[in-house]
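Notes follow once the structure below has been shown.
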Amino acid sequence: MYYNAVKEAKTEIKHIIMDALGRLVGEEKIPAEPLPVFQITIPQDSAHGDFSANVALVSAKVLKTNPRALAAQIAESAVLEGTGFEKIEVAGPGFLNFFLGTNWFGGVVRNVNTLGADYGKTDLGSGKRVLVEFVSANPTGPMHIGNARGGAIGDCLASVLQAAGFQADREFYINDAGNQIAKFGKSLSLRYVQICSDDGQKVIAEFGDDMEKFTAAIYNDTEKFPMPDDVYLGTDIIEHAKNYYDRNDGNTFASASEEARQTALVEFALPLNEARLETDLLKYRIKYDNWFKESSLHNSGAVSEVIEHLKAGGHTYEKDGALWLNAMELGGEQDFVLVRSNGFPTYIVPDIAYHYNKLITRGYDTAINVLGADHHGYVKRMRICLQAMGIDEKRLDVVMCQMVNLVRDGEVVKLSKRSGKAITLTTLLDEVPIDAARFFFNLRDTTTQLDFDLDLAVEESSKNPVYYVQYAHARICRVLEKMAEDGAEYTDGAVKYSESAELSLVRKISELPELINEAAEEYSPFKLTKYVYELAQDFHKFYDTCTIKDAEDDVKLSRLALCKATKTVINNVLTLLKIDAPEKM
């Protein structure tokens with residue numbers, strides 16, 4: 001069952017307006033002309049009505065009349081009996097402001113309490129399958145702060161889409177082939193050889209049983225253990241090489257061929273990194289429906305099939321021994337290489353095969369990629385490639401996440417490359433509660449840069465937005481518990497509201513289904529954190545101005561019903577965000 005009080009009210013307003021216009025035409029007070037589309041919105045100030053329609057403003061010219069005069073005619077002809085509205089006012093140049101009756105507010109609360117955990121859900125995406133791919137960090141090292149933001153956004157977006165009726169699946173694309181894996185193997189091999197050297201053996205003798213000191217000694221001594229620029233420099237590479245050394249009888253592979261050594265080290269370290277990615281993401285409350293390996297596309301022949309498909313379509317040409325995509329013919333700014341002169345495909349080819357697999361092989365209606373802000377050029381290329389493959393490029397949607405700055409004591413935290421200890425997802429979660437991390441990373445639109453305040457994230461006060469929201473939930477739980485102890489509990493009886501703080505709180509509660517639709521359509525899960533914070537504000541105002549314990553019995557029960565409805569909505573939103581809704585704080 002779905003319940004959307006705002007949508008139902010807007011539909012009712014449209015019927016009221018169209019019926020009034022029909023009567024005016026029948027009375028020959030206005031001509032019978034097709035009307036332009038008009039908007040029904042919610043005013044920022046409820047003193048201007050609960051809803052406002054601009055029908056007179058957009059229709060006056062067609063009907064050859066004055067907008068305000070037309071608005072007055074519609075208001076006079078409108079029939080409100082049997083509707084949820086008690087009056088209409090004409091405002092400004094011709095707006096029609098509609099005011100809800102008290103029964104509507106009581107209906108919202110009763111429906112929320114009846115639906116419980118299902119309140120807020122809609123059927124917007126019914127029958128549509130969507131694949132949300134996010135994080136997809138290279139399995140060559142730990143996840144960084146950008147991955148942490150993308151993870152929270154992608155996971156919450158999938159939840160929002162599911163709440164809006166879509167079949168939304170979560171997927172992690174593992175780049176376990178190509179240049180980054182070759183670079184990973186080279187890095188591991190260099191560190192392994194260093195560990196097997198005389199200088200490396202001395203470090204083992206001194207710190208071999210203390211991995212942190214061992215990795216720091218190797219990492220910081222760039223004179224004895226130099227590394228080129230084209231490798232991974234993190235301490236995790238040293239740790240992998242040392243663990244391989246320990247588990248494989250020391251320097252067994254020191255004299256092996258470079259290819260054999262790299263292969264052995266990658267086969268050892270890559271599964272560990274992949275397992276670590278999954279473990280770290282589960283700690284972050286992200287559970288994927290599927291982990292898709294790039295290597296499967298190479299092994300199945302899908303990458304080769306893409307190349308042949310593009311050739312057969314006449315979209316390629318050869319130059320300087322390489323195979324190029326004629327991207328400019330498809331609206332691109334410049335052509336680009338698909339297969340290098342050495343016969344190896346560029347990164348774009350397996351990515352084309354992957355998107356073909358998403359949209360054609362597995363038949364998702366839409367593929368949503370959550371990417372970093374530096375992927376604009378990549379997205380343009382991928383859209384062109386989809387066109388060349390005969391796929392509607394509009395079936396690919398992209399959410400671009402801007403950068404994150406970590407802030408402590410009002411200053412941006414500098415990430416040290418020399419220490420090899422850049423702040424990762426796991427180190428962040430060691431310092432900041434998971435609830436705060438997930439809430440803070442969804443505080444802003446993805447198009448804006450985010451300053452993550454480390455001090456605020458751990459502060460237990462109303463300044464911390466997630467604490468403020470959770471406190472509202474715990475406060476309601478305490479109120480309901482205390483009233484139950486005194487013999488007063490919510491029932492399904494009549495509820496009625498008249499105080500300004502009560503009405504504001506019910507209005508905010510009523511917005512959730514429409515908000516979920518908006519967040520799903522715009523791929524903007526940050527709307528949920530903004531909404532639930534504002535809901536908590538409205539509840540605190542209600543609690544501070546409307547007594548419950550000492551109110552008349554009918555008022556007390558109505559307010560308890562409103563408390564329960566508010567608790568339900570806060571819990572439902574925090575559940576979508578995968579944030580705890582504590583009963584005590």
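For Lys394, the side-chain contact (heavy atoms from CB on, under 4.5 Å) test picks out Asp392, with sequence neighbours left out. By the side-chain contact (heavy atoms from CB on, under 4.5 Å) test, Asp320 is found to be paired with no residue, residues two or more places apart in sequence or in another chain being considered. Remark: Tyr468 pairs with no residue by the side-chain hydrogen bond (donor to acceptor under 3.5 Å, both in side chains) rule, at least two apart or across chains. A search for side-chain contact (heavy atoms from CB on, under 4.5 Å) contacts involving Asn299 returns Ser295, not counting sequence neighbours. For Tyr471, the ring pair (Phe, Tyr, Trp, His ring centres under 6.0 Å) partners are His540, not counting sequence neighbours. Evaluation of the salt bridge (Lys or Arg N to Asp or Glu O under 4.0 Å) rule for Asp230 yields Lys186 as partners, not counting sequence neighbours. Residues passing the salt bridge (Lys or Arg N to Asp or Glu O under 4.0 Å) test with Lys311, sequence neighbours excluded: Glu308. Partners of Lys293 according to the salt bridge (Lys or Arg N to Asp or Glu O under 4.0 Å) rule, which considers only residues two or more places apart in sequence or in another chain, are Glu274. Under the rule for a ring pair (Phe, Tyr, Trp, His ring centres under 6.0 Å), the partners of Phe441 that lie at least two apart in sequence or sit in another chain are Phe452.
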| query | Would Tyr354 and Phe292 count as a ring-ring contact (aromatic ring centres under 6.0 Å, His included) if you check the C-alpha gap in whole Å, the side-chain angles of each, and the deciding distance to 0.1 Å? | reply | CA-CA 9 Å; Tyr354 177 46; Phe292 192 104; 5.0 Å; yes

| said: Show, in sequence, the C-alpha distance, side-chain angles and deciding distance for Arg395 and Ile360, and conclude whether the side chain to side chain contact (heavy atoms under 4.5 Å, CB included) test is met. | reply: CA-CA 11 Å; Arg395 292 174 65 190; Ile360 304 300; 4.0 Å; yes

| request: List the steps and the verdict of side-chain hydrogen bond (donor to acceptor under 3.5 Å, both in side chains) for Asn326 and Tyr317. | output: CA-CA 7 Å; Asn326 199 337; Tyr317 63 89; 5.8 Å; no

| Taking it one step at a time, do Ser461 and Glu459 satisfy side-chain hydrogen bond (donor to acceptor under 3.5 Å, both in side chains)? | CA-CA 6 Å; Ser461 77; Glu459 185 171 319; 2.6 Å; yes

| query | Should Arg383 and Val398 be marked as a side chain to side chain contact (heavy atoms under 4.5 Å, CB included) after you check the CA-CA gap, both sets of side-chain angles, and the distance that decides it? | reply | CA-CA 10 Å; Arg383 293 192 188 282; Val398 177; 4.2 Å; yes

| Verdict with reasoning, Glu171 to Asn290, per side-chain hydrogen bond (donor to acceptor under 3.5 Å, both in side chains) | CA-CA 5 Å; Glu171 185 157 284; Asn290 191 35; 2.8 Å; yes

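Taken from OH in Tyr531 to CD1 in Ile570, the straight-line distance is 9.0 Å, to the nearest 0.5 Å. Of the inter-residue distances, the one linking Thr426 atom OG1 with Met143 atom CE reads 7.5 Å to the nearest 0.5 angstrom.
Applying the 6.0 Å contact sphere to CG of Asp374 captures more than 12 heavy atoms from other residues, nucleotides or ligands.
For the pair Glu333 and Arg381, the salt-bridge criterion is not met [side-chain N within less than 4.0 Å of a carboxylate O]. Lys202 has no carboxylate O lying under 4.0 Å from a charged side-chain N of Glu206, or vice versa, which leaves the two without a salt bridge. Between Glu133 and Arg170 no salt bridge is recorded (no basic side-chain N to carboxylate O distance below 4.0 Å). The pair Glu239-Lys242 does not count as a salt bridge, with every side-chain nitrogen at least 4.0 angstrom from each carboxylate oxygen.
Remark: the Asp351 side chain and the Tyr378 side chain contain an N/O donor-acceptor pair separated by less than 3.5 Å. A donor and an acceptor atom, one from each side chain of His309 and Glu305, are nowhere located under 3.5 Å apart. Side-chain atoms of Asp198 and Gln201 form no donor-acceptor pair, as typed in the model, at a separation below 3.5 Å. The closest side-chain donor-acceptor pair between Ser189 and Glu258 falls under 3.5 angstrom.
Leu188 and Ala241 make their closest contact through O-CB, 4.1 Å (heavy atoms, listed as atom of the first residue, atom of the second, distance).
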Under 3.5 Å, side-chain donor or acceptor atoms of residues 363-372 against the rest of the protein: list the pairs with distances, not counting sequence neighbours.
residue : atom : partner : partner atom : Å
Tyr364  : OH   : Asp169  : OD2          : 2.6
Asp365  : OD2  : Arg129  : N            : 2.7
Asn369  : OD1  : Lys358  : NZ           : 2.9
Asn369  : ND2  : His355  : NE2          : 2.8

Atom pairs and distances, side-chain donor-acceptor, residues 577-585, under 3.5 Å, sequence neighbours left out:
residue : atom : partner : partner atom : Å
Lys578  : NZ   : Asp155  : OD1          : 3.1
Lys578  : NZ   : Asp155  : OD2          : 3.0
Lys578  : NZ   : Arg285  : O            : 3.1

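Using modelled atom types, one side-chain atom of Arg438 and one backbone atom of Tyr284 make a donor-acceptor pair closer than 3.5 Å.
Looking at Thr448 and Gln402, their side chains never come closer than 4.5 Å, going by heavy atoms from C-beta outward.
The only member of Asn179, Asn273, Leu265 that meets side chain to side chain contact (heavy atoms under 4.5 Å, CB included) when paired with Phe184 is Asn273.
Applying the ring pair (Phe, Tyr, Trp, His ring centres under 6.0 Å) test to pairs two or more places apart or on separate chains, none has a residue in residues 139-165.
In summary, the aromatic rings of Tyr288 and Phe134 are positioned with their centroids under 6.0 Å apart.
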